[in-house]
Amino acid sequence: MSDVFAELAWRGLIHQTTDDAHLPGWLGERPRTVYAGFDPTADSLHVGHLMALTILRRFQQAGHRPIALVGGATGMIGDPSGKSEERQLLSEDALRANVEGMQSQMRRFLDFDDPTRGAVLVNNYDWVGRFGYLEFLRDVGKHFPVNVMLAKDSVRNRLERTDSGLSYTEFSYMLLQAYDFVHLYREYDCQLQVGGSDQWGNITAGIDLARRLDGVQLHGMTCPLLTKADGTKMGKTESGALWLAAERVGPYQFYQYWINLEDADVDKCLRFFTDLDRPRIEAVVAEHLEDPSRRTGQRCLAAELTRLVHGESGLRIAQRATEIFFGAEISELTDAELVGIFTDVPSRELPRTELAGEGLAIVDALCASGLAKSKGDARRTIDQGGAYVNNRRADSIDRCLGPADLASETMMVLRAGKKRYALLRFVEP
RNA sequence: GGGGGGUUUCCCGAGCGGUCAAAGGGGUCAGACUGUAAAUCUGAUGGCAGUGCCUUCGCAGGUUCGAAUCCUGCACCCCCCA
């Protein structure tokens with residue numbers, strides 16, 4: 001058993017614990033069971049879940065047993081922590097689909113098959129859903145002093161806002177999560193809960209409840225919230241969250257997100273997310289600082305994460321696409337080389353006849369590819385010198401594209417600006 | 001229930017009868033500089049056509065040669081008094 005506490009600490013993943021002094025020893029004694037909760041708001045995980053997931057992963061690697069709790073029940077209510085408004089309630093069907101989607105992705109991070117420390121996936125709907133209202137009030141609610149609940153940051157912040165209230169339902173959220181902890185303690189001897197720093201109140205609520213109900217002392221640990229150096233949220237793209245599902249964010253796009261990360265965040269992300277050990281990360285960071293323009297850190301980070309999320313084949317596609325797009329002028333490629341990329345960057349198929357005669361006006365090509373949202377937008381881009389065909393700048397609005405502009409047998413590479421790419425494929429009707 | 005204020009283009013926010021597709025800021029996009037970074041600077045930012053047309057200022061009507069701007073009704077939001 002390796003010292004997971006020290007490992008997490010140097011990685012900067014420990015924000016607060018219930019017992020800094022004794023937790024390291026407690027974890028070193030024997031394998032423990034640790035859980036983190038995931039809110040099933042969508043059918044895919046995103047980068048926001050990555051912290052908790054990789055923390056569970058590190059616990060497992062250190063010899064402990066992780067439990068991933070999917071909030072099928074609590075997801076119906078919505079955690080008010082860190083939220084400014086009440087969440088839209090999800091239907092049971094939607095929740096079920098979301099839970100299934102998330103479960104399948106977790107397999108990439110956690111080993112569910114190991115006989116001794118195999119991860120366990122639980123859905124709190126399985127026990128919360130069976131609770132009767134009166135029964136819950138009597139067995140659980142009774143142990144929650146309202147004045148303590150009101151003192152929690154998550155509740156106070158919401159009550160202090162004049163423009164949004166806090167419904168009774170949301171107010172009750174922490175009871176459910178608290179009970180989850182007790183349940184997992186009873187069923188799996190789970191004595192440690194981890195979560196983001198905004199979960200502190202919910203975690204301690206569970207610890208209090210366990211003490212009152214079962215007379216045991218459970219533990220909690222939070223990690224810092226994932227933000228970028230400029231204060232904005234990590235993992236936000238133009239089109240929304242950076243999803244882990246390949247159908248939502250392809251390997252190339254995922255890879256590119258990390259390549260584009262600013263220097264100030266690279267070190268932190270390497271430590272947070274990658275499996276690389278300390279000497280390795282320190283070496284990469286040192287190399288990066290020596291010559292930041294080579295983006296050593298970003299490259300390493302992007303490769304590690306893309307491999308983790310999309311596998312070796314996904315990484316190859318992403319790197320190949322990057323080589324092609326960010327290399328020199330594009331020509332003499334084959335369809336075979338482009339086909340893997342085709343599904344990953346915005347792409348469109350057009351009839352080959354478009355290229356005949358006068359050819360396809362570049363303005364129309366940009367619109368068709370999705371790089372421009374209107375003809376005016378396309379004109380603007382060209383006017384300002386931001387339009388490229390096969391990485392060669394197209395400086396005239398009147399430019400028309402013909403068969404000679406194909407990069408491979410049937411495909412053409414369009415680009416708007418420095419790094420927005422799209423492929424057009426011309427097919428026989 | 002009574003009184004007052006509001007609803008503007010992606011967001012915030014000016015505009016209060018024509019010169020308004022609508023100031024300013026944010027965001028976004030493009031360019032320069034770089035390193036597919038950050039910061040900075042420049043330009044663009046309803047649609048279609050190129051000195052014109054169409055659609056937009058909560059919704060529906062109305063007054064005007066002409067309205068985002070005035071009137072009427074409706075909807076939603078906020079504030080004060082009960």
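FYI, side chains are in, hydrogens and waters are out, and symmetry mates aren't considered; it's all heavy atoms of this structure. To find a chain, count down the sequence lines: A is the first, B the second, and so on, and within it residues start at 1.
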Result of checking A:V249, A:I259, A:L315 against A:F254 for side chain to side chain contact (heavy atoms under 4.5 Å, CB included):
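Answer after filtering A:V249, A:I259, A:L315: A:V249.
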Looking at [options], which one has an atom nearest to any side-chain atom of [X]?
X      : options                : value
A:D263 : B:rA37, B:rG31, B:rC48 : B:rA37
A:Q384 : B:rC48, B:rA44, B:rU36 : B:rA44
A:I259 : B:rA44, B:rU36, B:rG47 : B:rU36
A:E262 : B:rA38, B:rG47, B:rA30 : B:rA38
A:R420 : B:rA38, B:rU36, B:rC29 : B:rC29

[N] to [M] separation - [atom1] atoms, rounded to the nearest Å:
N      : M      : atom1 : value
B:rC10 : B:rG46 : P     : 10 Å
B:rC59 : B:rC12 : P     : 16 Å
B:rG18 : B:rG5  : P     : 23 Å
B:rA75 : B:rA30 : C1'   : 41 Å
B:rG1  : B:rU9  : P     : 31 Å
B:rG73 : B:rC53 : P     : 36 Å
B:rU63 : B:rG3  : C1'   : 28 Å
B:rC54 : B:rU19 : P     : 15 Å

Nucleotide opposite [N] in a Watson-Crick or G-U pair, distances under 3.5 Å:
N      : value
B:rU69 : none
B:rC48 : B:rG52
B:rC76 : B:rG6
B:rU34 : none
B:rC57 : none

If you count the non-hydrogen atoms of other residues, nucleotides and ligands that lie under 6.0 Å from CD in A:E323, is the total more than 12?
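More than 12 within 6.0 Å, yes.
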Salt-bridge criterion met for A:R294 and A:E287 (N-O under 4.0 Å):
yes
Calculate the interatomic distance between [X] atom [atom1] and [N] atom [atom2]; express it in whole Å.
X      : N      : atom1 : atom2 : value
A:L366 : B:rA44 : CG    : C1'   : 16 Å
A:K419 : B:rA30 : NZ    : P     : 9 Å
A:K373 : B:rA44 : NZ    : C1'   : 11 Å
A:D395 : B:rA30 : CG    : C1'   : 15 Å
A:K418 : B:rU28 : NZ    : C1'   : 16 Å
A:Y255 : B:rU36 : OH    : P     : 13 Å
A:R415 : B:rA30 : CZ    : C1'   : 12 Å
A:Y421 : B:rA30 : OH    : P     : 12 Å

Do A:R107 and A:F112 form a cation-pi contact, if we require the NZ or CZ to be under 6.0 Å from the six-membered ring centre and within 45 degrees of the ring's axis?
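Yes; both conditions hold, so A:R107 lies above the ring face of A:F112.
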Shortest non-hydrogen contact from A:P224 to A:F272?
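Looks like CG-CZ, 4.1 Å.
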Could you tell me which non-hydrogen atom of A:K418 sits nearest to which non-hydrogen atom of A:F326, and how far apart they are?
O-CE2, 4.0 Å
Is the distance between the ring centroids of A:Y252 and A:Y421 under 6.0 Å?
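A:Y421 vs A:Y252: aromatic centres not under 6.0 Å.
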The residue, A:R393 or A:Q256, whose nearest nucleotide of RNA chain B is more 5′ is A:R393
Within the 3.5 Å criterion, strictly below it, is a donor on A:N202 or A:Q199 matched to an acceptor on the partner's side chain?
yes
Without hydrogens or angle criteria, can the side chains of A:Y257 and A:Q253 be said to hold a donor-acceptor pair below 3.5 Å?
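No, A:Q253 and A:Y257 have no side-chain donor paired with an acceptor closer than 3.5 Å.
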How would you label the contact of A:A416 with the nucleic acid (heavy atoms, under 4.0 Å): base, sugar-phosphate, or nothing?
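Result for A:A416 = sugar-phosphate.
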OP1, OP2 of B:rG47 versus side-chain N and O of A:S374: anything below 4.0 Å?
yes
Would you tell me if any nitrogen or oxygen in the side chain of A:K375 comes within less than 4.0 Å of OP1 or OP2 on B:rG46?
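For B:rG46, OP1/OP2 do not have a side-chain N/O of A:K375 under 4.0 Å.
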For RNA chain B, what residues of residues 289-307 of chain A have any heavy atom nearer than 4.0 Å?
A:P292, A:S293, A:R295, A:Q298
